There are 2 protein chains.
Amino acid sequence: MAEQDKTTEKKILDAAKIVFLEKGFDGARMQEIADEAKINKALLHYYFRSKDKLFDAIFKDAFQQFLPHIAEIMMTEKPLFEKLEAFIDSYITMLSNNPHLPSFVMHEINRNPERIVNIIKGSGIKPEFLEMAIQKEVKAGVIMPVKPIHLIVNIIAMCLFPFMARPIIQGFMFNDSPEAYKKFLAERKKEVTSFIINSIRKK
Amino acid sequence: MAEQDKTTEKKILDAAKIVFLEKGFDGARMQEIADEAKINKALLHYYFRSKDKLFDAIFKDAFQQFLPHIAEIMMTEKPLFEKLEAFIDSYITMLSNNPHLPSFVMHEINRNPERIVNIIKGSGIKPEFLEMAIQKEVKAGVIMPVKPIHLIVNIIAMCLFPFMARPIIQGFMFNDSPEAYKKFLAERKKEVTSFIINSIRKK
DNA sequence: GTCTATATCGGGATAGAC
DNA sequence: GTCTATCCCGATATAGAC
């Protein structure tokens, strides 16, 4: 859809997402969002009554996108290691297209921790489901006995962290070379997958 | 040292650290820092000419603290797996005492990526050193052939992430129970260490 | 629905007394 | 070195014309 064909509301939401994700709520300016959307400030308030309400719309959406769709992949009938590979691949791909998502969400949930409870409650995700799926594999003897919660946190952490830490990784580890960072990201799907499988595979 | 015995400068720095780490630069208010330090706003500007300069002092300090002192531990003569255990233990302990450090640093380096280059340049840390240390262990046959950079990123990621994601982990995974979250953190040193060693140990 | 102009207020920074 | 009072700008939000 061409830029000028979008509805004004859509233009605002797209612009707000760009600015909020880069600057965070406190750093974002309504003027900058208006400029990005190529409209004027007053229109922002016509469509969304306040900065808060506009932010809520963006955050809710971003958080849903950020939440790993790990459950869906776990539901498929593939063997565990293939599920794992599929999840890591799709999650890192999504983050590559939304590189600011991790640091944005992490910052905002720390700024306002209460907010997320309501959002997640509404999403219908249940943590027990995931835990049980992993426990099942342990009992079946496919993987070593691991505490599910730690395994889940480890997987998510290794996927997210490289995006949040880009300035350090690229600027410090790779002498500020964007190409080296891109190469690193490309390798990562395979590296993370095999790192995890190596760790939990039954010996 | 009792609160009232501290020099004014120290009181300001302590207060600023608390407020900046919780709210970030954009969310922090000079008034709140003054209140926290139990002095008035004008005195802040007397000691540090601007919010920017005060922030710089805090950030530089926080970032140094945040940078894993992984190199020092690698220098010791212990076997690799013991070094690994020692590092994870000391890093998670430090973060437990500074739980806001990870999300603060991550947010601020994304808000202003250029800044960190200068800070790291001045710290004298060299990434090659770490890479070589890991390569040596690979050649010596102690561990599986792994790409050093990915291993390093994985280790740091698994240490930091639980602190940044506390609202999600505690609020969602643990039904908002601080006790369950604390227990989870306590388990984590052992879990992360064995997770890594399991993955890279020569089979 | 979209614009220009303006009200209002919060917050960083400074002046000046003590 | 520490305080009170104040300046002034920038940012959210609204009024009102078209």
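We name chains A, B, ... by the order of the sequence lines, and we start the count at 1 in each one. In this text the structure is predicted, and so the values were computed from the model without any measurement.
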(request) May I ask you to verify if any side-chain N or O of A:Asn40 is less than 4.0 angstrom from the OP1 or OP2 atom of C:dC3? (result) yes
(message) Suppose we screen for side chain to side chain contact (heavy atoms under 4.5 Å, CB included). Which residues come up paired with B:Pro145, at least two apart in sequence or across chains?
(response) B:Val138
Side chain to side chain donor-acceptor pair (under 3.5 Å) against [X], all qualifying residues, sequence neighbours excluded:
X: B:Lys41; answer: none
X: B:Arg115; answer: B:Asp56
X: A:Arg29; answer: none

[atom1] of [X] versus [atom2] of [N]: gap in Å, rounded?
X: B:Leu44; N: C:dG11; atom1: CG; atom2: P; value: 14 Å
X: A:Ile12; N: C:dG1; atom1: CD1; atom2: P; value: 10 Å
X: B:Asp26; N: D:dG10; atom1: CG; atom2: P; value: 16 Å
X: A:Phe48; N: D:dT12; atom1: CZ; atom2: C1'; value: 16 Å
X: A:Gln31; N: D:dA11; atom1: CD; atom2: C1'; value: 9 Å
X: A:Leu43; N: C:dT4; atom1: CG; atom2: P; value: 10 Å
X: A:Lys10; N: C:dG1; atom1: NZ; atom2: P; value: 17 Å
X: B:Tyr47; N: D:dC3; atom1: OH; atom2: C1'; value: 13 Å

(request) Give a yes-or-no answer on whether the side chains of A:Glu108 and A:Asn112 include a donor-acceptor pair shorter than 3.5 Å. (result) no
(request) Measure from the side-chain heavy atoms of A:Ile39 and tell me the nearest of C:dG12, C:dT2, C:dC3. (result) C:dC3
(message) With ring-ring contact (aromatic ring centres under 6.0 Å, His included) as the rule and sequence neighbours excluded, what pairs involving residues 70-93 of chain B come up?
(response) B:Phe87-B:Tyr91
Report each atom pair, protein N/O against N/O of nucleotides 13-17 of chain D, whose distance is under 3.5 angstrom.
from	atom 1	to	atom 2	distance (Å)
D:dA13	OP2	A:His45	NE2	3.1
D:dA13	OP2	A:Lys51	N	2.7

(message) Distance to the ring centre below 6.0 angstrom and angle to the axis at most 45 degrees; does that hold for B:Arg111 and B:Phe55?
(response) yes
(message) At 4.0 Å (heavy atoms only), tell me whether B:Ala28 reaches a base, stays on the sugar-phosphate, or touches nothing.
(response) sugar-phosphate
